[in-house]
Amino acid sequence: MSAIETFRAADPPHAQVYSDFMTAGIVQGNMGSLVVVKLNVGELDQHAHPQEHVGAVLEGEFSFFDGTEETVLRAGDLYRIPPNVTHGVRCRGHALIIQARADFKPDAKAA
């Protein structure tokens, strides 16, 4: 059992503060990563990624928007963002999210 690693979502390893709006930590595996994202009040401008994002909301509430439509997600909701789909992120309180990703690597430059 000593090879099994355990972590708390509220205190993920390799946590990095990207802005007042977002902090992310990562559990890296051989085939991909589990990214833990903490959102505070704020907004992330519309953007797109070349890779798919698959996630689950553990607590709180946030939304994705694309300029004409907004989709609210709450604790217990799951989501998938296909590659190259433009979206923004908005949070009016707080949210704790996990994302399965094949590409995410910690950013050595993040504060």
* Begin with the C-alpha distance, continue with both residues' side-chain angles, and end with the deciding distance and a verdict on side-chain contact (heavy atoms from CB on, under 4.5 Å) for Thr71 and Ser63. => CA-CA 5 Å; Thr71 303; Ser63 61; 5.8 Å; no

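- A distance of 11.5 Å separates CZ in Arg101 from CD in Gln28, rounded to the nearest 0.5 Å.
- Side-chain contact between Val27 and Ser33: absent, with no pair of heavy atoms (C-beta onward) separated by less than 4.5 Å.
- The minimum heavy-atom distance linking Thr23 with Ala15 is given by the pair CG2-CB, 4.5 Å.
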* Could you walk me through whether Thr86 and Gln46 pass side-chain hydrogen bond (donor to acceptor under 3.5 Å, both in side chains), step by step? => CA-CA 6 Å; Thr86 300; Gln46 293 187 72; 5.9 Å; no

* Trace of the salt bridge (charged side-chain N to carboxylate O under 4.0 Å, His left out) decision for Glu70 with Arg90 -> CA-CA 9 Å; Glu70 185 166 0; Arg90 183 176 290 135; 2.9 Å; yes

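- By the rule that hydrophobic residues join a cluster once side-chain heavy atoms approach within less than 4.5 Å of another member, Phe21 and Phe64 end up as members of one cluster.
- Nearest heavy-atom pair across Asn40 and Cys91 is O-CB, 3.3 Å.
- Considering only heavy atoms from C-beta on, Ile26 stays 4.5 Å or farther from Val36 through its side chain.
- In plain terms, the two heavy atoms of Pro50 and Pro83 that are nearest each other are O-CB, 3.3 Å.
- The number of heavy-atom neighbours closer than 6.0 Å to CZ of Arg8, taken from other residues, nucleotides and ligands shown, is 12 or below.
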* **From CA spacing to verdict: side-chain contact (heavy atoms from CB on, under 4.5 Å), Glu59, His94** => CA-CA 8 Å; Glu59 64 182 48; His94 83 281; 3.4 Å; yes

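- With hydrophobic clusters built from ILVMFWY side chains whose heavy atoms lie under 4.5 angstrom apart, Met22 shares a cluster with Tyr79.
- A side-chain donor-acceptor contact under 3.5 Å links Gln51 and His53.
- Pro82 has its side chain out of reach of Glu52: every pair of non-hydrogen atoms, C-beta onward, lies at least 4.5 Å apart.
- In this structure, His47 and Leu44 approach most closely via the heavy-atom pair CE1-CD2, 3.5 Å.
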* Which is it for Glu61 and Val72 under the side-chain contact (heavy atoms from CB on, under 4.5 Å) test, yes or no, and what are the steps along the way? -> CA-CA 7 Å; Glu61 175 179 306; Val72 177; 3.7 Å; yes

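- Linking ILVMFWY residues whenever their side-chain heavy atoms come closer than 4.5 Å, directly or via other members, places Val85 and Val37 in the same cluster.
- Side-chain contact between Leu39 and Val89 is present, with at least one heavy-atom pair separated by less than 4.5 Å.
- Between His49 and His87, the angle of the ring planes lies from 30° to 60°, which puts this pair in the tilted group.
- Placement of Phe62 and Leu58 in two distinct hydrophobic clusters is found when ILVMFWY residues are connected by side-chain heavy-atom separations under 4.5 Å, directly or transitively.
- Not one N or O on the side chain of Lys38 forms a donor-acceptor pair closer than 3.5 Å with the backbone of Ala95.
- Between Phe7 and Pro12 there is no side-chain heavy-atom pair separated by less than 4.5 Å.
- Within a 6.0 Å radius of CG in Asp20, other residues, nucleotides and ligands contribute 12 heavy atoms or fewer.
- No single ILVMFWY cluster, assembled from side-chain heavy atoms under 4.5 Å apart, contains both Leu34 and Ile97.
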